[in-house]
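Worksheet: the structure to be examined is printed underneath.
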Number of protein chains: 2
Amino acid sequence: MADVARAAGVSVATVSKVVNGRYGVSPATHDKVLGVIADLGYEASLGARSLRSLRTNVIGVLVAEFEPFSTELLKGVSAAIGETRYELIAHSGRHHGDQVGWERRSLARLGGSVIDGAIVVTPTVVDARDGGIPVVAVDPHTGPSDVPTVDADNLGGAVTATEHLLALGHRRVAFLGGRTDLESARLREKGFREAMRRAGVPVDESLVVVGGYRAESAEAPARALLSRAERPTAVFAANDLSAIRTMDVARSLGLDVPGDLSVVGFDNVPESALSTPALTTIAQPLQEIGATALRILVSLLDGEGSSPGHARLPTTMVERASCAPPPA
Amino acid sequence: MADVARAAGVSVATVSKVVNGRYGVSPATHDKVLGVIADLGYEASLGARSLRSLRTNVIGVLVAEFEPFSTELLKGVSAAIGETRYELIAHSGRHHGDQVGWERRSLARLGGSVIDGAIVVTPTVVDARDGGIPVVAVDPHTGPSDVPTVDADNLGGAVTATEHLLALGHRRVAFLGGRTDLESARLREKGFREAMRRAGVPVDESLVVVGGYRAESAEAPARALLSRAERPTAVFAANDLSAIRTMDVARSLGLDVPGDLSVVGFDNVPESALSTPALTTIAQPLQEIGATALRILVSLLDGEGSSPGHARLPTTMVERASCAPPPA
DNA sequence: CTGTTAGCGCATTCAG
DNA sequence: CTGAATGCGCTAACAG
């Protein structure tokens, strides 16, 4: 900026005013400075600007990792940000296995300086005052919180998935759960139990296991489930990554999907259509969830007092090729 | 940081030393400060730190937009960053239609302050000295440059795609091109022409059009192509998004894919398996490309002098359901 | 209308 | 081994 000021024959303060469109600069100076900026290809350093000013016009999407779920959300956020004046930064910190706490750290690191507001994806602990900036949570931790939240109808989706398996004639239905610290996982299990109860089919507790939402963490429980003497004829996995890994495990055990085992997932990430067989799953409108979260955050930032509080989007079933009636 | 210093009864300078693992702090003080930091949940502000220090241990992935192509790369980068000491920031600036120049702006904005190095996705103009930080380009602009580059075998892939259509018996084959400013688009067209020439099939120049790699920009040329009296029996689209949109257009014109029209895409983004019919396409190992770019960048940052210069990964054909012999 | 001044939160000299 | 002083690039008051 000093270079620009020198070249334009003005002070850095004036350059700053021009860059930020402040009033009180003569048109001639304004144009001159803009010209020099264009020539030199100057761009204000985000780091320095954010240190001094209250607004950076940058929105952060904070994730633990860039996997199919979070990147789908990101696509939705990115599509919706077009008309706004904000730019986007997606951040994934280093986390040595600690699945909890990364959200606070990211927020403390970026909030209050680099970003004006944040969309936090599957946080365990969110506190509206962490980092002192507006926050919207997507698919957060159990329990009510004071931050606006966007999620999908996890309960209804889980009921639908389970009923689908029951309607096909399955009775030994297993539930491969998600991350126990997330509300979504809890609701999916609840929906599973509710549908079973309604159908009058008792839940075999030994068939309800924890998969952790990640392919690696789901592998062992899936293998245990399918290696049992009395193995289930169907598995409802709490998300697609677990479901896909379950099908891999089944194959490695010589089981045919859907001949010997039916599998239903949850999320409908694009990858679910690429598996063999293609996965029947419960679709969440992930991109729309991202877009909704962005809209809420922007309205928060622009101070349109109305805090929508909570948005819940519908889920739908996508039938593909991973389900069939149980073997005779 | 001042809060931490006060609570620990030391100066901010000492806290800084502890945080950054500098020598010259007594073990007792060290532990005490760490304890307070844990209690208060303190985290250094990225903005301030980057302003003062040369290293931030943050790597930036600079994209124009978060769409399937860039998010696949991001997954690969994210998976590969696990073992390193870097964290990841993906940035998409505001670009009012200007498809060129965003990369310089992003680089100037983040480089030299927030990030230590960058992976730039499909940049048109990259200069190694923009922002003064190490840069690796993925799928960049035409022409040799001084920045290390990672891409896929665009030429070979395009030949394979075209030969596939020719082998099915197609002779009126159209090419729906990409962004003319990108080397990848140029090579895909070249591969198309080369395969046609080898097969002794003349290229009808009116069937070679520009689609721009985006669904919206590909729609009009696709419609024009398929509305012609003598319409092509097959289209090789320069990327999957264009190919998928071409199939949509075909359907809206009452054409059956692949009965009336065969379509081949390029990229194999997950979405290509979700289309109806599922798209036959040329797969780039996108995640691997991202991981490779990261490895090169890290070796650059860690000063392992060996600059690999250029990595080119293989492409493979994925046959799905969008191709058939031409109508009789 | 423009320039001067004073920090934003932190890392780094250099004295103590 | 520790703390006080300095400045990174920028914006926000104020003074001219």
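Every chain is numbered from 1, with letters handed out A, B, ... down the list of sequences.
The residue from A/Val136, A/Val150, A/Ile81 that alone fulfils the side-chain contact (heavy atoms from CB on, under 4.5 Å) condition with A/Leu294 is A/Ile81. In summary, of the residues considered (A/Arg94, A/Arg105, A/Arg109), a salt bridge (Lys or Arg N to Asp or Glu O under 4.0 Å) with B/Glu87 occurs for A/Arg109 alone.
Note on B/Arg22: a side-chain N or O is less than 4.0 Å away from OP1 or OP2 of C/dT12. Close to D/dG3, at under 4.0 Å from its OP1 or OP2, lies a side-chain N or O of B/Thr14.
Within 4.0 Å of B/Tyr42, counting heavy atoms only, lie sugar-phosphate atoms of the nucleic acid but no base atom. Using a 4.0 Å heavy-atom cutoff across all strands shown, B/Ser16 reaches at least one base atom of the nucleic acid. Using a 4.0 Å heavy-atom criterion, one finds that A/Val10 contacts the sugar-phosphate atoms exclusively. Contact annotation for B/Thr29: backbone-only contact, meaning every heavy-atom pair under 4.0 Å involves sugar-phosphate atoms and none involves a base. B/Ser53 comes within 4.0 angstrom of sugar-phosphate atoms only, judged by non-hydrogen atoms across all strands, and of no base. B/Ala13 comes within 4.0 angstrom of a base, heavy atoms only.
The CG atom of B/Leu110 sits 16 Å away from the P atom of D/dG9 (whole-angstrom rounding). For the pair A/Arg52 CZ and D/dA13 P, the interatomic distance rounds to 8 Å; values are reported in whole Å. The NZ atom of A/Lys17 sits 13 Å away from the P atom of D/dC14 (whole-angstrom rounding). Protein atom CZ of B/Arg6 is 14 Å distant from nucleotide atom C1' of C/dG9, rounded to whole Å. For A/Met1 and D/dA12, the CE to P distance is 11 Å, given to the nearest whole Å. Rounded to a whole Å, the CG atom of B/Leu51 is 13 Å from the P atom of C/dT12. Between the CZ atom of A/Arg49 and the P atom of D/dT11 there is a distance of 5 Å, rounded to whole Å. For the pair B/Leu54 CG and C/dC10 P, the interatomic distance rounds to 17 Å; values are reported in whole Å.
For the residue pair B/Ser45/A/Ser113, the side-chain donor-acceptor check at 3.5 Å is satisfied. In this structure, a donor-acceptor pair under 3.5 Å is present between the side chains of A/Ser184 and A/Tyr213.
A salt bridge is absent between A/Arg179 and A/Asp139: the closest approach of a Lys/Arg side-chain nitrogen to an acidic carboxylate oxygen does not fall below 4.0 angstrom.
Annotation: of the two residues near DNA chain D, A/Ala48 and A/Arg55, the 5′-most nearest-nucleotide partner is A/Ala48.
Of the candidate nucleotides D/dG3, C/dC1, D/dC10, C/dC1 has the atom lying nearest to any side-chain atom of A/Ser26. Distance from the side chain of A/Ala44 is smallest to D/dC10 among C/dT4, D/dC10, D/dA12.
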